[in-house]
Amino acid sequence: MVLTQLRAIELSIQMLSVQPDTKPKGCAGCNRKIKDRYLLKALDKYWHEDCLKCACCDCRLGEVGSTLYTKANLILCRRDYLRLFGVTGNCAACSKLIPAFEMVMRAKDNVYHLDCFACQLCNQRFCVGDKFFLKNNMILCQTDYEEGLMKEGYAPQVR
């Protein structure tokens, strides 16, 4: 048996205006002529707006964005592609699996669930613009970081 790697292809979706003086194009989804005002072009084929859909969730790909993913003969939206084929990892705080489609926070090489991205001593959650410190792979708020420095015998320099 030969193991082959299925590579995903990210492709763009173009919305085009149908010119009244041109011959109607055939839809790759339903095989009917496209007589609508607009059509989509993706995978070097033409589609009705309603026919270019994600194979999993049935969302209309022209409405979701300007990209689609194709792998294993499936046409997918970004979310379903990541859910099915995306690389996952573990949260540096709780060690639980992070699904590929979930939003994360990153600090250097560490990845965290949004809910886990908090000071690991006092559990203070961080807001946009808050300072945090990474010491010995622990996320710390400024207060706990400075207290740790004081216990180690030197104070941080305030500028």
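Counting begins at 1 with the first residue of the sequence.
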Below 4.5 Å, heavy atoms only, C-beta onward: do Y46 and I34 meet side chain to side chain?
yes
Side-chain heavy-atom pair R79, C57 within 4.5 angstrom cut-off
no
Carefully, step by step, assess L76 and C56 under the rule side chain to side chain contact (heavy atoms under 4.5 Å, CB included).
CA-CA 7 Å; L76 301 165; C56 286; 3.7 Å; yes
Inter-residue atom distance K96.NZ - C116.SG, 0.5 Å rounding:
7.5 Å
Please check if the side chain of W47 supplies one atom and the backbone of G29 the other of a donor-acceptor pair under 3.5 Å.
no
Between C77 and C54 the two heavy atoms that sit nearest each other are N-SG, 3.4 Å
If a pair satisfies salt bridge (Lys or Arg N to Asp or Glu O under 4.0 Å) and one of its residues is in residues 118-128, list it, with sequence neighbours excluded.
D115-R125
Distance check, rounded to the nearest 0.5 Å: E49 atom CD versus Y38 atom OH?
8.5 Å
Any side-chain heavy atom of K108 within less than 4.5 Å of one from L134?
yes
Would you compute the distance between atom CD of Q142 and atom CG of D144 and round it to the nearest 0.5 angstrom?
10.5 Å
With the side chain counted from C-beta on, respond yes when F126 and C119 share a heavy-atom pair under 4.5 Å apart, and no when they do not.
yes
Side chain to side chain contact (heavy atoms under 4.5 Å, CB included) between L40 and H48, intermediate numbers included
CA-CA 6 Å; L40 298 175; H48 288 107; over 6 Å; no
Are the side chains of R32 and C27 in touch, meaning some heavy atoms are under 4.5 Å apart?
no
When rounded to the nearest 0.5 angstrom, what is the spacing between NZ in K151 and CD in E146?
13.0 Å
Measuring only between side-chain heavy atoms, which start at C-beta, is L43 closer than 4.5 Å to T70?
yes
Could you please spell out the steps behind the side chain to side chain contact (heavy atoms under 4.5 Å, CB included) verdict for K53 and C59?
CA-CA 5 Å; K53 295 190 264 187; C59 72; over 6 Å; no
Which atoms form the tightest heavy-atom contact between D50 and R60, and what is the distance?
OD1-NH1, 2.6 Å
Could you check whether any side-chain N or O of D130 sits under 3.5 Å from a backbone N or O of C127, counting only pairs where one atom can act as donor and the other as acceptor?
yes
Heavy atoms, side chains only, cut-off 4.5 Å: are L68 and R78 in contact?
no
Any side-chain heavy atom of T143 within less than 4.5 Å of one from E147?
yes
Would you say the side-chain atoms of Q120 pair up with the backbone N or O of I139, donor to acceptor, closer than 3.5 Å?
yes
Would you give the length of the straight line joining atom SG of C141 to atom CG of N123, rounded to the nearest 0.5 angstrom?
10.0 Å
Please lay out, stage by stage, how I98 and H113 fare under the test side chain to side chain contact (heavy atoms under 4.5 Å, CB included).
CA-CA 7 Å; I98 302 174; H113 293 108; 3.5 Å; yes
Quick check for you: to the nearest 0.5 Å, what is the distance between D80 atom CG and D58 atom CG?
10.0 Å
Classify the ring geometry between F132 and F117 as parallel (under 30°), tilted (30 to 60°) or perpendicular (over 60°).
perpendicular
